[in-house]
Number of protein chains: 2
Amino acid sequence: MIHSKPINNIDKICQQKGISLTQKRHNIFDVLLSSMIPLSAYDITDIYKNKFVTSMPTMSIYRILEFLTGSGLVHKLESTNKYIACSHLQCDHEHTNAQFLICNSCSEVEEVALTQELHHQIEVGAEQKGFKLEALQFELHGTCKTCLKKQSH
Amino acid sequence: MIHSKPINNIDKICQQKGISLTQKRHNIFDVLLSSMIPLSAYDITDIYKNKFVTSMPTMSIYRILEFLTGSGLVHKLESTNKYIACSHLQCDHEHTNAQFLICNSCSEVEEVALTQELHHQIEVGAEQKGFKLEALQFELHGTCKTCLKKQSH
DNA sequence: TACATAATGATATGATATATCATTCAAATA
DNA sequence: TATTTGAATGATATATCATATCATTATGTA
């Protein structure tokens, strides 16, 4: 179990950042926040219907996911095509350099900030090839602590 | 233009590695090798038809791509859902740690070996979280040398 | 209220991918 | 050479992920 603690002050954060969080956007964020594992837009559709009784079209969910990822509240995992709430919203630093430890066994994800040091090294490596990096997002697949323990039994 | 030089000794390499490269697998590999940019399975379907006159069902192409990626001859870019021929087949080292510089402007990709140093750092960072890494694949998005030059004009 | 703009809904369709069963090919052996 | 067997490929259906577009509704402001 590598899930991080819930975020309760999302409204305050959004107010500070000037992000307009409608009720529905808030709901989608809540669905992601309540989930132990990343969800697809269609997963969210199903969970939303159960959780909020009323249903939302998947296309609206995609739109809201786009808004939430654009605002930095949610990340999209490119390697699995799933979405996850940012677990570093409390921090005041930028989150353009995220590193995700994705467990192939239980699907849980831990979000880790990339160290300045590491980021710098990678950037310099790219620069040597004449390549200008944009935001980094590393998706590291493997096995989490809990699943490793289970396997060793 | 960051494309690497073509690989002519693919058959010899496969023989050495014990990879059974059928004509059709060879053809798919050729399509990828001839392309400056990563291709989707459906892209390959179209190109294959033109290049080899006869057509191959996309599902067969998926199967062959699975074989080729499993053999290490081809990489799948998770961030774009496209496939690319490995450009380090000549080398005798393992290619479990690849880094791709993906140009968002021209779509060309440069495959760079991850340094032992960097790999080690990342592995240790993950280990500190109790996380056991599998093969690393970093997909770095940005702008390549050529496109940067063009933009500055 | 009236207007303008942002947010959401509805519908259609495109793009990527897997599952399954049938058929063909190719190597090994009788 | 004929036969067998397993690997490779074809065909069909369908699941999954995603975007485009136009219509409608909600919200803030003059």
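Because the structure is a prediction, the values reported are computed rather than measured. Within every chain, numbering begins at 1; the chains are lettered A, B, ... in the order of the sequence lines, protein sequences first and strands thereafter.
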- Which residues, if any, of residues 19-27 of chain B bring a heavy atom under 4.0 Å of DNA chain C?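 By residue number: none to list.
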Report each atom pair, protein N/O against N/O of nucleotides 17-20 of chain C, whose distance is under 3.5 angstrom.
| residue | atom | partner | partner atom | Å |
| --- | --- | --- | --- | --- |
| dA17(C) | OP1 | K76(B) | NZ | 2.6 |
| dA17(C) | OP1 | N81(B) | OD1 | 3.2 |
| dA17(C) | OP2 | Y62(B) | OH | 3.2 |
| dA17(C) | N7 | Y42(B) | OH | 3.0 |
| dA17(C) | N6 | Y42(B) | OH | 3.4 |

- Message: List the residues meeting side-chain hydrogen bond (donor to acceptor under 3.5 Å, both in side chains) with T45(B), not counting sequence neighbours, and say none if there are none.
- Response: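 Per chain and number, T45(B) pairs via side-chain hydrogen bond (donor to acceptor under 3.5 Å, both in side chains) with T58(B).
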- Message: Please enumerate all residues that pass side-chain hydrogen bond (donor to acceptor under 3.5 Å, both in side chains) together with N81(B), with sequence neighbours excluded.
- Response: none
Separation of atom [atom1] in [X] from atom [atom2] in [N], rounded to whole Å:
X	N	atom1	atom2	answer
M56(A)	dA7(C)	CE	C1'	10 Å
I61(A)	dA7(C)	CD1	P	17 Å
D43(B)	dA15(C)	CG	P	10 Å

- Message: Enumerate the ring pair (Phe, Tyr, Trp, His ring centres under 6.0 Å) contacts for residues 50-74 of chain B, please, sequence neighbours excluded, ordered by first and then second residue.
- Response: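 Passing the test, one end in residues 50-74 of chain B: Y48(B)-F52(B).
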- Within 6.0 angstrom of K76(B) NZ, more than 12 heavy atoms from elsewhere: yes
- Taking atom CD of Q151(B) as the centre, report whether more than 12 heavy atoms of other residues, nucleotides or ligands fall under 6.0 Å from it.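 Yes, CD of Q151(B) has more than 12 neighbouring heavy atoms, counting only those of other groups under 6.0 Å.
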By side chain to side chain contact (heavy atoms under 4.5 Å, CB included), which residues pair with [X], not counting sequence neighbours?
X	result
D46(A)	none
S20(B)	R25(B)
K51(B)	D30(B), V31(B), S34(B)
T115(A)	E117(A), L118(A)

- Task: Treat primed atoms plus P, OP1 and OP2 as sugar-phosphate and everything else as base, then score nucleotides 25-30 of chain D 5' to 3': B for base contact with protein heavy atoms under 4.0 Å, S for sugar-phosphate contact only, - for none.
- Result: ------
- Are the side chain of S35(B) and the backbone of I37(B) linked by a donor-acceptor contact shorter than 3.5 Å? yes
- 5'-most contact on DNA chain C: S55(A) or T80(B), nearest heavy atom basis?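 The residue closer to the strand's 5' end, by nearest nucleotide, is S55(A).
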- Evaluate the side-chain proximity of I61(A) to M56(A): yes if any heavy-atom separation is below 4.5 Å, no if none is.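 Yes. Closest side-chain heavy atoms under 4.5 Å.
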- Task: Please examine the side chains of I102(A) and S79(A), heavy atoms only from C-beta on, and report whether any two atoms are closer than 4.5 Å.
- Result: yes
- Check DNA chain D against residues 44-52 of chain B and give the residues with a non-hydrogen atom under 4.0 Å, in numerical order. none
Determine all donor-acceptor pairs shorter than 3.5 Å in which one atom belongs to a side chain in residues 121-128 of chain A; sequence neighbours excluded.
| residue | atom | partner | partner atom | Å |
| --- | --- | --- | --- | --- |
| Q121(A) | OE1 | Q121(B) | NE2 | 3.0 |
| Q121(A) | NE2 | Q121(B) | OE1 | 3.1 |

